[in-house]
Amino acid sequence: MAHTSFYPPSGIYSDSYRKDMRIVKTKTQWVLSIVSLIFLFAIPQIPFFNSPYLLRLLIGVGITIIICLGLNVLTGYCGQLNIGQSAFVMVGGFTSGLLNIHLGWPFWMCVIPAGITSAVIGAIFGIPSVRLKGLYLALTTLGAQIILTWIALFYIPLTAAGFSVGPITIGTLVFNTPKKFYYVAMFFTVMMTFFAKNMMRTGPGRAFVAIRDNDIAAEAMGIDIFRYKLLAFMICTFYAGVAGSLLVHYMMWAHLESFTLQDSIWYVVMVIVGGLGSIEGTIFGVIFITALKELIFVIGPMVEGKLPFLPIGAGSGLLLVIIGGVAILFLIFEPRGLAHRWNLVKAYYRLWPFGY
Amino acid sequence: MEKGKNGPILRCENIGLRFGGVNALVDITFEVNKGEVLSIIGPNGAGKTCIINTITGFYHPWKGKVYLEGQEITALPPHKICTLGIARTFQNIELFTGLSVLDNLLAARHIYLKTNLLSNCLYFGFAQKREIDERKIVEDIIDFLEMEAIRKQEVKILPYGQRKRVELGRALALEPKIILLDEPTAGMNLEEKEDMVRFILDINEEKGTTIILVEHDMDIVMDISDRIIVFDFGNKIAEGIPDEIKKDQRVIKAYLGEK
Ligand SMILES: Nc1ncnc2c1ncn2[C@@H]1O[C@H](COP(=O)(O)OP(=O)(O)O)[C@@H](O)[C@H]1O
Ligand SMILES: [Mg+2]
């Protein structure tokens, strides 16, 4: 054969591939990204923005983003439903809290063990469930929620009652107010987002989507389905564990009430509304649902006040109905979530002023 | 033909496969020589897809053995067999529908990706370099199969013929020793068929990849096969070079004659 290589010569493209694979491509995008990052970390210093109310809200959003990123890796990318995510947040939270008060470990030494413990427990529940699909898997994760809560409630006296946990410190700096804790929360949120995005745009992410889209073909392409589903499970619960650790050191209090089935379901809703299989979408979903919740908390009591014939608590009931409704509407009309809208806007902007 | 002199790369020995009372494969024995194009033909339901599924580990026969280069692979799961160098396409296209053409091929590079999770998290440095290397290999395949224009498109919006081509590309991305093609030209128009045949021959001739082809188009089969095996009701009823098969009375009766 005259050919020196099987495929036609392609030249040196590595530089263009490197560019093509970038997340932030144009100069404008760079500027926008850097400006928003600076803004994100400057918020506690900006008047009006730095109200304790807003900071607390943003800390909640940050921690929830970490939880939902993990969930989206498992549910969105790998296609495995998990309706027990908050139980794994609990495992991380209690692990971190117990290490802190019993062994005196500072938060920075607890956070990774918290993630790992959660991932190991996640794997224990994951092993039987990777062989199941759809509704059966959902039931297994529901089982995890119930069993883990049960254990915490009846077998470990400390976790049943709740206990106080030390705040996060660096040297003499104590992160015990929202204004200070905000930085820790955002640091972790940005870092965990960065990690998730990178995992999902390289080999593991493609393997997960391959399994989700076509498990037969995935096997034929050499992807060990069992191993990868388990890996997705462990990433998911590792994220939950890290978030749990952050949460208890933020509240300085570890208690079962922070980790309910209702929380788990909200995480699923956030991921669906944001966009299954999208890192950006996860962020949108958490912000959107959190904002909606806040709005209803304000509107709910007002409605109750205006309409005295409504029973007490109708406001918070309204919350559930509306959020459930939003999730259903998204599933019907925009199954690809807010992330898809965002992509349309981006495409529109790129083509502007030529439109579609 | 000098191809046959290379000796066998794959051997199926007394394969028996059953589904309930149905004998899908009965005592099937044959060898595939390194570098040849071996076609498997036979009427619908003859067991052609079954033998592909058996070789690739999707079905496990109740009797008989499959050897790849002397090593027994009968009981291995599909993902293990794949890493040993056997790639396949499916009769009813099985692609990763949510991924682009590029990512479909990259997903198949999975077996060569040995980066650990931590380096994937950090991306810059090790993982990025690997991604670029893999990208280069996959882009070469995309060029070879003339799919440059659709590389970024989600496969679910592609027409049927192009999806078949993507599936071939994905099999190539595994850099296999053997490729099993299950009706690669089914449902294609003439031009698409000609392209597909050209690709198959190029893969076989230039890279020396062994091809096992299941195909209904007799012109193609007679044209490009080194040898042909004929199945009927789960039995192997004939084996030989195209000229022998054309003249075989049993084959004419069972298969060619029915048209
Ligand atoms: N998964 C299965 N379950 C039950 N029967 C099957 C299965 N796969 C194939 N068969 C049967 O095995 C026989 C051979 O099928 P197949 O190999 O698909 O034929 P073809 O030669 O057309 O590819 C058919 O009778 C088919 O019904
Ligand atoms: Mg078939």
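Quantities reported herein were computed from a predicted structural model and do not represent experimental measurements. For the numbers below, each heavy atom of this structure counts, side chains included, while hydrogens, waters and symmetry mates do not. Chain naming here is simple, since letters A, B, ... match the order of the sequence lines and numbering starts at 1 in each.
Contact annotation for B/Lys156: neither backbone nor side-chain heavy atoms come within less than 4.5 Å of a heavy atom of chain A. Using a 4.5 Å cut-off between heavy atoms, B/Thr56 does not touch chain A at all. Heavy-atom distances place no part of B/Arg109 under 4.5 Å from chain A, backbone and side chain included.
Atom CG of A/Asp213 sits about 10.0 Å away from atom CG of B/Leu95, to the nearest 0.5 Å. The distance from the CZ atom of B/Phe96 to the CZ atom of A/Arg212 is 11.0 Å, given to the nearest 0.5 Å. If you take CE on A/Met200 and SG on B/Cys121, they are separated by 8.5 Å, rounding to the nearest 0.5 Å. Interatomic distance, B/Leu118 CG to A/Phe195 CZ, rounded to the nearest 0.5 Å: 7.0 Å. Rounding to the nearest 0.5 Å places CE of A/Met221 at 13.0 Å from CG of B/Leu106.
Surrounding CG of A/Leu331 are more than 12 heavy atoms belonging to other residues, nucleotides or ligands, all under 6.0 Å away. The neighbour count for A/Trp108 CH2, taken as heavy atoms of other residues, nucleotides or ligands under 6.0 Å away, is above 12.
Tested against A/Asp224, the residues B/Lys80, B/His110, B/His79 include a single side-chain contact (heavy atoms from CB on, under 4.5 Å) partner, B/His79.
Within the 4.5 Å cutoff, the side chain of A/Pro204 has heavy atoms near those of the B/Asn120 side chain. No side-chain heavy atom of A/Ile223 sits under 4.5 Å from any side-chain heavy atom of B/Ile111.
B/Glu131 and A/Arg206 are joined by a salt bridge, as a carboxylate oxygen and a charged side-chain nitrogen come within less than 4.0 angstrom of each other.
With chain B as partner, the option from A/Ala207, A/Gly277, A/Ala217 having the largest number of non-hydrogen pairs under 4.5 angstrom is A/Ala217. When A/Gly205, A/Ala210, A/Ala196 are compared by the number of non-hydrogen pairs under 4.5 Å with chain B, A/Ala210 comes out ahead.
Taking each heavy atom of A/Ala220 and B/Cys82 in turn, the nearest pair found is O-SG, 3.3 Å.
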